[in-house]
Amino acid sequence: MNIQSAEVLVSSPGRNFVTLRITTDDGFTGLGDATLNGRELAAAAYLTEHVVPLLIGRDASRIEDTWQYLYRGAYWRRGPVTMAAIAAVDTALWDIKAKAAGMPLYQLLGGRSRDGLLVYGHASGVDVPELFDSIREHMDEGYRAIRIQTGIPGLPSVYGVAHSSNAAAGTAAGSDARYDYEPARRSALPVEETWDTRAYLRHIPTVFEAVRNEFGPELPLLHDAHHRLTPIQAAKLGKSLEPYDLFWLEDVTPAENQAVLRRVREHTTTPLAIGEVFNTIWDYRELFEEQLIDYVRSPVTHAGGITGLRRIFDFAAVYQIKSGAHGPTDVSPVGLAAAIHLGLSIPNFGIQEYMQHAPVTHEVFRTTYTFENGMLNPSDAPGLGVDYDDEVAAAHPYSGAYLPVNRLLDGSMHDW
Ligand code: EZ4
Ligand code: CO
């Protein structure tokens, strides 16, 4: 079972995606996701120029060896581009192995550990009434856990708030309104947003109070601070949100310096989730060993595939830390399918983010997973259960898009 070809497929059905398709000489194909929002062509070039030539003729059954070959063999360690490329190869090889075995991937990973993956959706509103409508819509769709983000008085646009005028604003989601929140914009330069941490810290507790008063104590609620706070601001936020019993508070600090999380933990019992921009097990060592977080945000796509992320989850389990994988629309349906198979099989599953891709995305990525009663489940199709339609993809060529950048009120660059 040798690798005959590996194709890097860049397409834009609703937004940009980078997909790797590996074909073996005995006729199996496997798919992997290497989408890196706003930097897609770097991941595509890394694959095309430096990885695909190494794959041709390799034994497709040697998944671990291929992972080590690409990781150690590059000499240059870690990083989002490298790890997205390795993820795509790894996921495609697992897809092939499961197809060759005639099994859905989760069976190869140890079988089902639960009835399905509890997911959370993204409710948002420019103000509280709009947020309430969005929460109700999500509950009507069956969501049993909901992330809430709102506008902040005085700030023209804020991370995490869906714009009803997305199409007019020229988001990567284009004219397709299904995207709850898509920050990437198809513009020559990144959009510049403005940020005021004091206004945010004053406003957010009032939003949670309103939501708890309206929807009661049971609904699991999540919130993303998106890397914007200092340790002491993060501690203050966690403390002020304690009465509202969050499922998690995400990315309170940029977290390159993991030791600063000690200060946050000293002050609050609000559960913390971190890691959507991390890509290896090494990035988590201090966070896990010092029990500085409660949920791991890395997705299969950005953390070295099934092989890389499963190892991270096993390490997390030693400290009773659970999975909470990133699942925005910039993780492709291939990456999401991989997350579903992995999440179904691991012992320490926590929750899966699920934003739902636009219908046009599913015209290219033919998926078989299901969303019912707030849970995702894979089908019993062999492998990942996703097909890629080249013909439809050809009608949706790549078109550059950038994530926004963020400035403080005085014009200083800040973390977005
Ligand atoms: O900003 O996926 O928790 N979700 C997030 C996302 C990320 C985007 C970046 O590509 O933080 O909205
Ligand atoms: Co996030």
Side-chain angles (χ1 to χ4, degrees), residues 12 14-18 33-43 80-81 83-84 87 119-124 134 143 145-150 157-163 166 171-173 178-186 190-191 193 195 200 204 220-229 234 237 246-255 271-279 283 287 293-303 323-333 335-336 339 350-358 361 400-406 414-416:
S12 196
R15 63 165 355 281
N16 294 314
F17 295 108
V18 179
D33 177 26
T35 306
L36 197 56
N37 205 3
R39 294 292 187 272
E40 294 87 357
L41 298 185
V81 176
M83 298 314 292
V119 304
Y120 72 90
H122 284 214
S124 70
S134 177
Y143 283 97
I146 298 180
R147 186 185 96 159
I148 59 176
Q149 309 287 141
T150 57
S157 69
V158 177
Y159 166 80
V161 180
H163 303 273
N166 260 352
T171 66
R178 170 58 243 178
Y179 285 99
D180 302 299
Y181 174 63
E182 171 51 65
R185 300 289 169 95
R186 295 191 198 277
V191 168
E193 295 184 344
W195 182 247
Y200 168 78
I204 285 298
L221 295 174
L222 302 85
H223 179 71
D224 193 343
H226 222 258
H227 324 269
R228 287 159 194 220
L229 311 178
L237 180 63
L246 270 64
F247 185 97
W248 82 35
L249 178 60
E250 176 181 343
D251 283 335
V252 284
T253 66
L272 302 179
I274 285 185
E276 69 184 42
V277 302
F278 292 174
N279 37 66
D283 301 326
L287 292 181
I293 61 169
D294 302 282
Y295 296 94
V296 173
R297 291 289 285 143
S298 286
V300 168
T301 305
H302 300 137
S323 75
H326 201 203
T329 45
D330 48 280
V331 164
S332 88
L336 182 62
I351 201 164
Q352 171 66 47
E353 182 179 15
Y354 180 48
M355 264 181 74
Q356 297 193 30
H357 291 99
T361 301
Y402 281 109
L403 289 169
V405 299
N406 213 13
H414 192 56
D415 304 291
W416 176 72

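If you're wondering where the values come from, they're calculated on a predicted model, not measured in any experiment. One-based numbering, in listed order, for ligands and for the atoms of each.
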Q.
So for ligand 1, is Arg297 a polar contact partner (N or O within less than 3.5 Å, distance only)?
A. yes

Q. How long is the span from the OG1 atom in Thr329 to the NE2 atom in His122, to the nearest 0.5 Å?
A. 8.5 Å

Q: Find, among atoms of Glu250 that are N, O or S, the one nearest to the Co ion (ligand 2), and state its name.
A: OE2

Q. Polar-atom distance check: Glu250 versus ligand 1, any N or O pair below 3.5 Å?
A. yes

Q) Does the Glu250 side chain pair with the main chain of Asp224, one donor and one acceptor, at a distance under 3.5 Å? A) no

Q | Shortest non-hydrogen contact from Tyr120 toward Glu353 | A | OH-CD, 3.2 Å

(Q) How long is the straight-line distance from CZ of Arg228 back to CH2 of Trp195, given to the nearest 0.5 Å? (A) 5.0 Å

Q. Taking only heavy atoms of Asp224, which atoms of ligand 1 are found under 4.0 Å from at least one of them?
A. 3 (O), 4 (N), 5 (C), 11 (O)

Q) Of the protein's non-hydrogen atoms, which lies at the shortest distance from atom 1 (O) of ligand 1, and what is that distance? A) His226 NE2, 2.7 Å

Q. Can you tell me which residue and heavy atom of the protein come closest to atom 10 (O) of ligand 1, and the distance to 0.1 Å?
A. Asn37 ND2, 2.9 Å

(Q) Show the atoms of ligand 1 that are less than 4.0 angstrom away from any heavy atom in Arg147. (A) 3 (O), 4 (N)

Q. To the nearest 0.5 Å, how far apart are CG in Leu222 and CD1 in Ile148?
A. 9.0 Å

Q | Identity and separation of the nearest protein heavy atom to atom 5 (C) of ligand 1 | A | Tyr159 OH, 2.9 Å

**Q.** Asp224 atom (N/O/S) at minimal separation from the Co ion (ligand 2)
**A.** OD2

Q. Should the pair Arg15 and Phe17 be classed as cation-pi, given the thresholds of under 6.0 Å to the six-membered ring centre and 45° from the axis?
A. yes

(Q) Checking a contact table here: which protein heavy atom is nearest atom 7 (C) of ligand 1, and how many Å away? (A) Glu276 OE2, 3.5 Å

**Q.** Minimum-distance protein heavy atom relative to atom 2 (O) of ligand 1
**A.** Asp330 OD1, 2.7 Å

(Q) Looking at Asp294 and Leu272, would you say the former's side chain and the latter's main chain have a donor-acceptor pair under 3.5 Å? (A) yes

Q. Side chain, backbone, both or neither: which part of His302 has a heavy atom under 4.0 Å from ligand 1?
A. neither

Q) When rounded to the nearest 0.5 angstrom, what distance separates CG in Leu336 from OG1 in Thr361? A) 11.5 Å

Q: Working to the nearest 0.5 Å, report the span between CZ of Arg185 and CG of Leu403.
A: 10.5 Å

(Q) Under 4.0 Å from a heavy atom of Glu353: which atoms of ligand 1 are those, numbered in the order shown and with their elements? (A) 3 (O), 4 (N)

Q | Atoms in ligand 1 flagged as close to Pro328, the criterion being non-hydrogen separation under 4.0 Å | A | 2 (O)

**Q.** Taking atom 4 (N) of ligand 1 as the reference point, the nearest protein heavy atom with its distance
**A.** His326 NE2, 3.2 Å

Q: Verify whether the ring centers belonging to Tyr159 and His226 lie closer than 6.0 Å.
A: yes

Q: Find, among atoms of Glu276 that are N, O or S, the one nearest to the Co ion (ligand 2), and state its name.
A: OE1

Q) Quick one: CZ on Arg39 to OH on Tyr402, what's the gap to the nearest 0.5 Å? A) 6.0 Å

Q | Numbered atoms of ligand 1 (with element) below 4.0 Å of Trp416, judged on heavy atoms | A | 1 (O)

